[in-house]
Amino acid sequence: MKVLVVGGGGREHAICHALSKSAKVDKIWCAPGNGGIASIAECVDITATDIEKMVAFAKENKPDLVMVAPDDPLALGMVDALEDAGIRAFGPHKNAAIIEGSKSFAKDLMHKYNIPTANYAVFEDSAKAIEYIKEQGAPIVVKADGLALGKGVTVAMTEQDAINAVKDAMDGGAFGSAGARVVIEEFLTGPEVSVLAFTDGKTIKTMPSAQDHKRAYDHDKGPNTGGMGAFSPSRMYTDEIAKTCMDTIFRPTIDAMAKEGRTFKGVIYFGLMLTPKGPKVIEYNARFGDPETQAVLSRLETDIFDIFNAVIDGTLADIDIKWSDNAACCVCMASGGYPAKYEKGKVITGLDDVTDSIVYHAGTKLSDGAMVTNGGRVLGVTANAKTLDEAIKKAYADVKKIHFDGVHFRTDIGVK
Ligand code: AMP
Ligand code: GLY
């Protein structure tokens with residue numbers, strides 16, 4: 001079977017790697033892919049959001065399945081367009097991907113169906129938003145409504161910070177049209193856990209829990225990033241909490257989407273906060289998370305191609321998905337300066353010396369036979385072991401073997 005994976009980061013490398021282990025898959029394309037993905041898939045020079053070119057490529061090359069991994073092509077309706085062209089596609093339709101693409105949609109859905117989340121209000125007028133902030137006081141959270149590369153959220157500890165965030169998003173156009181509407185939310189506290197799940201719209205099967213590390217520097221200091229590392233499972237996510245989440249959040253969300261005529265098929269990501277009043281939803285994503293996927297999929301024992309097909313066919317209830325009891329740790333190696341300005345094209349050495357980890361590539365490319373940096377997050381060094389402490393040690397032992405100019409990584413992944 002032939003599969004096309006859309007995307008080109010560490011998450012897509014992990015998905016291609018899982019597909020490459022399937023006895024049924026003999027050809028993988030990845031568009032656009034990256035320098036590391038090129039070792040297991042044929043990289044195709046099409047931007048992940050270019051629906052027209054992606055559909056044309058699929059029509060010509062006839063993959064048996066197209067897996068759309070990133071948020072923006074999903075929000076733009078790439079799965080709908082592929083299906084309209086008669087191509088089998090994995091991922092939510094546009095009308096379901098909105099659960100990530102519009103935070104106000106997600107909040108209104110949770111409100112309507114009593115799914116626990118922070119109290120909130122939605123504004124399209126900055127003066128009214130500012131008035132509301134003054135009424136509520138700080139700390140308070142300001143979120144751009146649309147997709148903003150993970151940068152649209154401000155956790156404001158003072159009223160002034162919240163007001164500035166509203167002005168930047170609504171009057172300053174910091175996030176373009178994604179910030180024309182804002183959600184203002186009650187500040188919650190507690191540990192955060194990511195739970196990803198496969199769903200065919202009727203059945204939902206969760207993957208092992210994970211935690212990511214969004215801040216750039218150790219001890220959760222510095223600016224928010226796409227994620228500097230992840231580990232699985234979370235130490236906080238007990239069986240009892242998992243059951244509560246299934247009963248109050250996961251099942252109700254899938255049922256709510258179906259009731260709204262927006263049946264969700266694909267991978268849904270629940271960003272949860274375990275608050276003193278129970279687990280609450282911080283955010284939904286309509287896709288695999290990055291870098292959680294690198295940690296979580298390294299524990300998958302079932303053929304992922306079979307799971308993708310079961311999701312598409314609506315037969316997820318019939319498939320038994322097995323995960324190893326191992327713990328996994330993924331440490332991201334980033335370009336110096338990320339998430340702000342950074343340089344590209346630095347030669348990466350030491351990749352062949354790695355012994356105990358899988359190195360998923362995020363921002364790399366092959367240039368004259370050398371692997372060079374080509375993005376903010378460059379590599380995700382991912383190790384498995386019986387215990388989390390061992391997995392952390394193994395991942396960091398391999399991180400030390402890899403070098404490029406200006407490399408930056410956190411030294412405390414998995415410690416919190
Ligand atoms: P998001 O992009 O929605 O994942 O938000 C980024 C981060 O902001 C989350 O991982 C949380 O750490 C924080 N955050 C989001 N919403 C809230 C909230 N209501 N209360 C406290 N922290 C929040
Ligand atoms: N790691 C968070 C995300 O993928 O959105």
Side-chain angles (χ1 to χ4, degrees), residues 7 9-12 14-15 69-72 74-75 97 99-107 110 116-122 133 136 138-157 161-162 165 169 175 178-179 182-196 207 209-216 220-232 234 267-277 279-297 330 332 334 339 360 362 376-377 380 410 413 416:
R11 164 183 59 201
E12 287 77 12
I15 292 167
D71 48 0
D72 17 2
L74 290 168
I99 201 168
E100 171 171 9
S102 167
K103 290 191 191 290
S104 58
F105 170 86
K107 296 297 291 190
M110 289 185 269
T117 189
N119 292 327
Y120 72 106
V122 180
I133 288 168
Q136 298 290 315
I140 195 160
V141 182
V142 179
K143 301 186 171 184
D145 185 57
L147 296 176
L149 296 171
K151 296 181 183 120
V153 175
T154 304
V155 179
M157 299 319 276
D161 284 352
F175 312 107
V182 299
V183 173
I184 300 183
E185 212 173 81
E186 170 197 8
F187 172 77
L188 299 176
T189 54
E192 288 180 58
V193 181
S194 309
V195 179
L196 286 67
M207 306 183 210
S209 63
Q211 271 177 249
D212 76 349
H213 298 65
K214 286 207 169 82
R215 301 298 195 96
D220 290 332
K221 296 274 188 319
N224 261 317
T225 70
M228 293 301 292
F231 62 95
S232 169
S234 156
V267 168
I268 184 160
Y269 167 128
F270 300 92
L272 305 172
M273 197 173 268
L274 308 180
T275 77
K277 290 186 184 157
K280 294 193 181 186
V281 177
I282 289 284
E283 63 161 346
Y284 292 117
N285 292 326
R287 51 169 175 86
F288 277 108
D290 190 335
E292 289 93 332
T293 302
Q294 290 86 313
V296 169
L297 284 190
C330 169
C332 292
Y360 294 119
R377 287 186 293 175
R410 280 181 58 160
I413 301 302
K416 73 178 171 191

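Every number for a ligand or one of its atoms is a count from 1 in the order of the listing. Heads up: numbering here begins at 1 and tracks the sequence.
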Interfacing atoms of ligand 1 (cut-off 4.0 Å, heavy-atom, Met273): 21 (C), 22 (N)
Per-atom contacts, ligand 1 versus Lys103 - under 4.0 Å to a heavy atom: 3 (O)
Asn224 N/O to ligand 1 N/O under 3.5 Å: no
Arg287, portion touching ligand 2 at heavy-atom distance under 4.0 Å: side chain
Atoms in ligand 1 with a heavy atom of Lys143 nearer than 4.0 Å: 3 (O), 15 (C), 16 (N)
Ligand 2-proximal atoms of Arg11, by part, heavy-atom distance under 4.0 Å: neither
Close-contact set for ligand 2 against Tyr269 heavy atoms, below 4.0 Å: 1 (N), 2 (C)
Ligand 1 versus Glu192: contacting region, heavy-atom distance under 4.0 Å: side chain
Atom 5 (O) of ligand 1: the protein heavy-atom neighbour that sits closest, reported with distance to 0.1 Å: Val153 CG2, 3.5 Å
Numbered atoms of ligand 1 (with element) below 4.0 Å of Glu186, judged on heavy atoms: 18 (C), 19 (N), 20 (N)
OG-CD distance between Ser209 and Glu292, expressed to the nearest 0.5 angstrom: 11.0 Å
Heteroatom distance test (Glu292, ligand 2): nitrogen or oxygen, under 3.5 angstrom: yes
Which residue and heavy atom of the protein sit nearest atom 14 (N) of ligand 1, plus the separation: Val155 CG2, 3.9 Å
Phe187: numbered ligand 1 atoms lying under 4.0 Å from its heavy atoms: 20 (N), 21 (C)
Ligand 1 atoms in contact with Ile282 (distance to a heavy atom under 4.0 Å): 15 (C), 16 (N), 17 (C), 18 (C)
Sub-3.5 Å N/O-N/O distance, Asp212 and ligand 2: yes
Proximal ligand 2 atoms for Gly289, defined as those under 4.0 Å from one of its heavy atoms: 4 (O)
Carboxylate-amine/guanidinium contact Lys107 Asp145, below 4.0 Å: no
